[in-house]
Amino acid sequence: MLGNRTLSRDQFDICAKTTVVDNVTVATKLTELFCPHYNVTSAQCDEYFRFNNVTEIAGIPGAASGILKDNIWSNYLEKGEILEKADRLSVDVSGHKSNLHLYVYADIATSFTVLVGIFFPSVTGIMAGSNRSGDLKDAQKSIPIGTILAIVTTSL
């Protein structure tokens, strides 16, 4: 994370602005991407990078991390919007437009309709499977349990 923006980690290896090599502080690849000549005070250095901290967070957070609470209400992004974590502090400056490729951003506009387009086929597939399951040993018991568990699994 840079400030509250999610970084795309395919162009750098160390998630820090500087590192120590042979007892000397040197710029990391991340700093070189945002500040071409590693002069953090120069006009060439990205303003957002200069004023915000770099942090590393869990890529796959656990249930106790608050991710369920964060995702309970809809927050749809338009195409090109940068993925941000609202609970992280950051200095609100725009930064260079040439560095937008370094962030994770929405590649398509998301909406409720898109999510229904993903969810509806999975649910109808479950129902089609339950309608064809008449060969079960105890169909009266197995169909409702299997259908409900399949819907819960798909929903999660």
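Residue numbers run from 1 in the order of the sequence given.
Around the OH atom of Tyr103, the shell of radius 6.0 Å holds more than 12 heavy atoms that belong to other residues, nucleotides or ligands.
Distance alone, capped at 3.5 Å, is enough to place a donor-acceptor pair between the Thr28 side chain and the Lys17 backbone.
The two residues Val54 and Cys15 have their closest heavy-atom pair at CG1-SG, 3.5 Å. The nearest pair of heavy atoms linking Phe49 to Cys35 is CD2-SG, 3.7 Å. Here the closest heavy-atom approach between residue Gly3 and residue Ser90 is recorded as CA-CB, 3.8 Å. Ala27 and Glu32 make their closest contact through O-OE2, 4.1 Å (heavy atoms, listed as atom of the first residue, atom of the second, distance). Minimum interatomic distance between Thr31 and Thr18 (heavy atoms only, all atoms of both residues): OG1-N, 4.4 Å.
With side-chain heavy atoms closer than 4.5 Å counting as contact, directly or through intermediates, the hydrophobic cluster containing Ile118 also holds Val114. Membership of the apolar cluster around Ile57 extends to Met1, as traced through chained side-chain contacts below 4.5 Å between ILVMFWY residues.
Under the rule for a side chain to side chain contact (heavy atoms under 4.5 Å, CB included), the partners of Val21 that lie at least two apart in sequence or sit in another chain are Thr19, Val26. Partners of Tyr48 according to the side-chain hydrogen bond (donor to acceptor under 3.5 Å, both in side chains) rule, which considers only residues two or more places apart in sequence or in another chain, are Asn4. Residues satisfying the side-chain hydrogen bond (donor to acceptor under 3.5 Å, both in side chains) test with Asp13, not counting sequence neighbours, are none. Under the salt bridge (charged side-chain N to carboxylate O under 4.0 Å, His left out) criterion, Glu56 pairs with Arg9, not counting sequence neighbours. Scored by the side-chain hydrogen bond (donor to acceptor under 3.5 Å, both in side chains) test, Thr55 finds no partners at all (sequence neighbours excluded). Shown here are the side chain to side chain contact (heavy atoms under 4.5 Å, CB included) partners of Leu83, two or more places apart in sequence or in another chain: Thr6, Leu77, Val104.
Considering only heavy atoms from C-beta on, Leu30 stays 4.5 Å or farther from Leu2 through its side chain.
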With a cut-off of 3.5 Å and sequence neighbours excluded, list every side-chain donor-acceptor pair involving residues 141-152.
from	atom 1	to	atom 2	distance (Å)
Ser142	OG	Asp138	O	3.1
Thr147	OG1	Ile143	O	2.7

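Interatomic distance, CG of Leu33 versus CZ of Phe12, reported as 8.0 Å (0.5 Å rounding).
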